[in-house]
Amino acid sequence: MSQKFRIHGEFLFQREGQVLITTVRGPWNLEFSKEWQEQITPEAIALAASGNWAAMTIITESILCTPEALEHMRAEALLGVQKMRFVALAFVVGNEVTGHGLLDRSYENLYKDVCPFRIFETTEDAKIWLANYVDMGGR
């Protein structure tokens, strides 16, 4: 697959129960978003086979990304809800992250018709919130 631009951003992911936790170093672009999705898809399939699941994205350095990356992220979340038992998404964004608070409304609007979404400052709070959705099946 040829890429229009070089990938910007980095990520690492791990599974913790029925939550996929990804740490993302931003800013990022569409090419990054596509690579991220390709890498996590096998884990998402395994999570779906085990039941409802949720995702926590821990943002470091910058929460900024391109509009194309945002649309790709929304489309992938919608696909997860429709076909893979994906029930909720939480972002963890500390005060030190560039763009902290600046894009909260944009992200909330992006996911409002897709799945429950919330931005937290701590992973502990995000885990508690996500566990409620996993346990309740997304309601």
Side-chain angles (χ1 to χ4, degrees):
M1 166 170 91
S2 68
Q3 294 178 338
K4 188 174 179 181
F5 295 104
R6 182 174 65 86
I7 293 174
H8 293 277
E10 295 178 355
F11 68 93
L12 297 169
F13 65 91
Q14 66 185 26
R15 179 177 174 173
E16 191 171 300
Q18 284 299 104
V19 177
L20 183 62
I21 302 171
T22 307
T23 301
V24 174
R25 183 186 58 79
W28 64 91
N29 60 3
L30 175 61
E31 289 73 17
F32 167 87
S33 186
K34 288 179 177 179
E35 178 67 18
W36 176 7
Q37 193 61 43
E38 183 179 315
Q39 294 292 320
I40 68 168
T41 293
E43 196 64 46
I45 291 169
L47 282 159
S50 298
N52 297 321
W53 65 281
M56 176 175 28
T57 303
I58 303 166
I59 308 290
T60 65
E61 292 194 31
S62 175
I63 194 169
L64 304 176
C65 68
T66 64
E68 298 86 2
L70 286 174
E71 284 305 313
H72 183 261
M73 291 163 51
R74 182 187 188 287
E76 291 298 325
L78 183 59
L79 180 66
V81 168
Q82 292 172 340
K83 300 193 183 257
M84 299 183 72
R85 303 178 75 176
F86 179 63
V87 295
L89 173 62
F91 278 11
V92 177
V93 184
N95 289 326
E96 73 285 356
V97 174
T98 299
H100 174 267
L102 182 67
L103 298 174
D104 289 5
R105 178 78 48 126
S106 295
Y107 281 102
E108 289 164 1
N109 287 335
L110 186 72
Y111 292 110
K112 74 178 176 184
D113 295 326
V114 176
C115 66
F117 171 79
R118 192 159 163 201
I119 299 174
F120 296 89
E121 290 190 3
T122 69
T123 58
E124 293 79 17
D125 290 340
K127 285 178 184 179
I128 292 167
W129 184 79
L130 289 171
N132 288 323
Y133 283 96
V134 169
D135 293 342
M136 295 184 325
R139 285 177 261 131

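Everything quoted here is computed from the prediction, not taken from an experiment.
With hydrogens and angles ignored, the 3.5 Å screen pairs a side-chain donor or acceptor of Gln18 with a backbone N or O of Asn52. A donor-acceptor pair is defined here as one N or O able to donate and one able to accept, closer than 3.5 Å; no such pair exists between the side chain of Glu61 and the backbone of Thr98. Although no hydrogens or angles enter the test, the distance criterion places no donor-acceptor pair under 3.5 Å between the side chain of Thr23 and the main chain of Phe11. Side-chain atoms of Thr22 never come within 3.5 Å of backbone atoms of Thr57 as a donor-acceptor pair (strictly under, hydrogens ignored).
The two residues Ala69 and Ser33 make their nearest non-hydrogen contact at O-OG, 3.8 Å. The shortest heavy-atom contact between Ala55 and Leu130 is O-CD1, 3.6 Å. Residues Leu110 and Arg74 share a closest heavy-atom pair of O-NE, 3.1 Å. In terms of heavy atoms, Cys115 sits closest to Val87 at CB-O, 4.2 Å. Counting all heavy atoms, side chain and backbone alike, Ser62 lies closest to Pro27 at CB-N, 3.6 Å. Nearest heavy-atom pair, His100 versus Gly94, reported as atom, atom and distance to 0.1 Å: CD2-O, 3.2 Å.
Side-chain contact between Met56 and Glu16 is absent, with no heavy-atom pair separated by less than 4.5 Å. The shortest side-chain heavy-atom distance between Glu76 and His72 falls under the 4.5 Å cut-off. Side-chain contact between Leu70 and Cys65 is present, with heavy atoms from C-beta onward closer than 4.5 Å. Within the 4.5 Å cutoff, no side-chain heavy atoms of Lys112 are placed close to those of Glu108. With contacts defined as side-chain heavy-atom distances shorter than 4.5 Å, the pair Glu121/Val97 does not qualify. Side-chain contact between Glu96 and Thr60: absent, with no pair of heavy atoms (C-beta onward) separated by less than 4.5 Å. When side chains are defined from C-beta on, Ile21 counts as touching Lys127, because their heavy atoms get closer than 4.5 Å.
Both Tyr107 and Trp36 are assigned to one and the same hydrophobic cluster, defined by single-linkage of ILVMFWY side chains at heavy-atom distances under 4.5 Å. Note on Ile45 and Val81: same hydrophobic cluster, where clusters join Ile, Leu, Val, Met, Phe, Trp and Tyr whose side-chain heavy atoms are under 4.5 Å apart, directly or indirectly.
Separating the OG1 atom in Thr41 from the CE atom in Met84 is a distance of 6.5 Å, to the nearest 0.5 Å. The structure places CD1 of Ile63 at 6.0 Å from CG of Leu103, a figure rounded to the nearest 0.5 Å. Here the NZ atom belonging to Lys34 is positioned 10.0 Å from the CG atom belonging to Asn29, to the nearest 0.5 angstrom. Distance check, rounded to the nearest 0.5 Å: CD of Glu31 to OG1 of Thr66 gives 7.5 Å. How far CD1 of Ile59 is from CZ of Phe91: 5.0 Å, rounded to the nearest 0.5 Å. Atom-to-atom distance recorded for Met73:CE and Leu89:CG is 7.5 Å, nearest 0.5 angstrom.
Tested against Gln39, the residues Gln37, Glu35, Glu43 include a single side-chain hydrogen bond (donor to acceptor under 3.5 Å, both in side chains) partner, Glu35. A ring-ring contact (aromatic ring centres under 6.0 Å, His included) with Phe117 holds for exactly one of Tyr111, Trp129, Tyr133, Phe86; it is Tyr111.
The aromatic rings of Phe32 and Trp28 lie tilted to each other, with the angle between the two planes from 30° to 60°.
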